[in-house]
Number of protein chains: 2
Amino acid sequence: MDTPLREPTFLILTALAVEPMHGYGLIGEVAALSDNRVSLRPGTLYGALDRLVDAGLVEVDREEVVDGRLRRYYRLSPAGDATLTAETERLRRNVEAATTRLAERTRAARPITPRVAGGLA
Amino acid sequence: MDTPLREPTFLILTALAVEPMHGYGLIGEVAALSDNRVSLRPGTLYGALDRLVDAGLVEVDREEVVDGRLRRYYRLSPAGDATLTAETERLRRNVEAATTRLAERTRAARPITPRVAGGLA
DNA sequence: CGCTTTATAACGCCCCCCGATATACCTTCG
DNA sequence: CGAAGGTATATCGGGGGGCGTTATAAAGCG
């Protein structure tokens, strides 16, 4: 898990930054966070949570039984907090780089003035 | 390829935003762009380029032969430009969301003071 | 002659996506 | 008042696609 986080994972950590949440509740929180762009399905969510716990970025906070259903609350570990901070910085740099270069972009999809050596094959 | 772009792909598009570049040259440009964090290997690079061409986000600009070696230059297509712009916006929103929530975070990795039957709302 | 530059090819991994399943309340309706 | 169905919550397994890696080819240059 030292690869850059993918969007679902990133949003899960982001959701957990404020306060511990239980799995199913994260589905709604991530949807809200992402303006309903990302709607996690159970398979995706719990798979990601398991990996995050294995990686030590997320810890089980507590378990409650509400109406006979188990609720397992997760919280960000210190490592998870550090990772989220670092990932946010990485993304911020990427956004900056892209923004800069988009501003400098050649206006053209037109082929550049043909150079001597080789036209297209 | 309608999944969110991953980092290598995103940086390749970013590199191409300013001017057409040939495959091998992109390795250095992406490294520079990312402050040497991302160093693409040929397999990753050309695989990504093939996918990008298939998806219509990148087009072959021209081919040159320099010192007997083929250089194939790629450029961003209009669709690629639009995709890169959209992806940059998506990332910007995610960065914003994470930044906001990191600022609001609970100071605690310590277990929350145990409540009897589910205090927090 | 070997190193550098450029492109190609094949293989495995891991995360994500989805669909199906289990369970125990709660609601609704006969 | 009892049975059927719905909802909230968690688990399991299968599959795909981008990425990483490593090996290979070919042609100049020092």
Side-chain angles (χ1 to χ4, degrees), chain A residues 1-13 15 20-31 34 37-55 57-58 60-74 83 87 90 94 117-118 120-121, chain B residues 1-13 15 20-31 34 37-55 57-58 60-74 83 87 94 117-118 121:
Chain A
M1 170 93 48
D2 50 354
T3 35
L5 300 179
R6 314 267 210 90
E7 187 169 42
T9 307
F10 181 83
L11 292 175
I12 288 170
L13 292 188
M21 302 195 59
H22 64 100
Y24 207 83
L26 279 168
I27 293 180
E29 189 63 16
V30 165
S34 69
R37 269 186 17 260
V38 179
S39 54
L40 300 177
R41 308 299 187 86
T44 304
L45 172 69
Y46 290 105
L49 282 174
D50 287 347
R51 285 188 296 271
L52 287 169
V53 168
D54 279 351
L57 304 186
V58 159
V60 174
D61 187 72
R62 67 191 189 277
E63 291 183 338
E64 290 175 5
V65 175
V66 175
D67 287 346
R69 287 174 230 109
L70 177 66
R71 280 186 177 173
R72 186 150 39 227
Y73 282 77
Y74 297 88
T83 297
E87 281 292 292
R90 180 180 66 80
N94 286 350
L120 298 190
Chain B
M1 168 96 47
D2 50 356
T3 34
L5 301 180
R6 309 265 271 292
E7 187 169 42
T9 307
F10 181 82
L11 292 175
I12 289 170
L13 292 188
M21 302 194 60
H22 64 99
Y24 208 81
L26 279 166
I27 293 181
E29 189 63 16
V30 165
S34 68
R37 268 187 18 260
V38 179
S39 54
L40 299 177
R41 308 295 191 85
T44 305
L45 172 69
Y46 291 106
L49 282 173
D50 287 349
R51 285 189 297 270
L52 287 169
V53 169
D54 280 352
L57 304 187
V58 158
V60 174
D61 186 73
R62 68 190 189 278
E63 290 180 340
E64 290 175 4
V65 174
V66 175
D67 286 345
R69 287 173 230 108
L70 178 66
R71 279 186 181 173
R72 185 148 45 226
Y73 282 77
Y74 297 88
T83 297
E87 281 292 292
N94 285 350

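Note that these values count all heavy atoms, side chains included, but never hydrogens, waters or copies made by symmetry.
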Between [atom2] of [N] and [atom1] of [X], the distance in whole Å:
{"X": "A:Leu13", "N": "C:dC15", "atom1": "CG", "atom2": "P", "answer": "13 Å"}
{"X": "A:Ile27", "N": "D:dT7", "atom1": "CD1", "atom2": "P", "answer": "15 Å"}
{"X": "B:Asp50", "N": "C:dA9", "atom1": "CG", "atom2": "C1'", "answer": "11 Å"}
{"X": "A:His22", "N": "D:dA10", "atom1": "NE2", "atom2": "P", "answer": "7 Å"}
{"X": "B:Asp54", "N": "D:dG18", "atom1": "CG", "atom2": "P", "answer": "10 Å"}

CZ on A:Arg37 to CD on A:Glu7, rounded to 0.5 Å =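 Answer for the CD-CZ pair, A:Glu7 versus A:Arg37, is 4.5 Å.
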
ask   = So how far is it from A:Thr44 OG1 to A:Arg6 CZ, rounded to the nearest 0.5 Å?
value =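 The distance works out to 11.0 Å.
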
query = What is the per-nucleotide protein-contact pattern of nucleotides 19-30 of chain D, from the 5' end, where B denotes a base atom under 4.0 Å from a protein heavy atom, S denotes such proximity for sugar-phosphate atoms only, and - denotes neither?
reply = SBBB----SSS-

Looking only at heavy atoms, what is the nearest atom pair of [X] and [Y], with distance?
{"X": "A:Ala15", "Y": "A:Met21", "value": "O-SD, 4.1 Å"}
{"X": "A:Leu40", "Y": "A:Ile27", "value": "O-CG2, 3.6 Å"}
{"X": "B:Gly23", "Y": "B:Leu49", "value": "CA-CD1, 4.1 Å"}
{"X": "B:Tyr24", "Y": "B:Tyr46", "value": "N-OH, 3.3 Å"}

Listed nucleotide nearest any side-chain atom of A:Tyr24, set D:dT11, D:dA8, C:dA7 =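 Between D:dT11, D:dA8, C:dA7, the one nearest the side chain of A:Tyr24 would be D:dA8.
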
query = Are OP1 or OP2 of D:dA10 and a side-chain N or O of A:Tyr46 less than 4.0 angstrom apart?
reply =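 The answer is yes; a side-chain N or O of A:Tyr46 sits under 4.0 Å from OP1 or OP2.
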
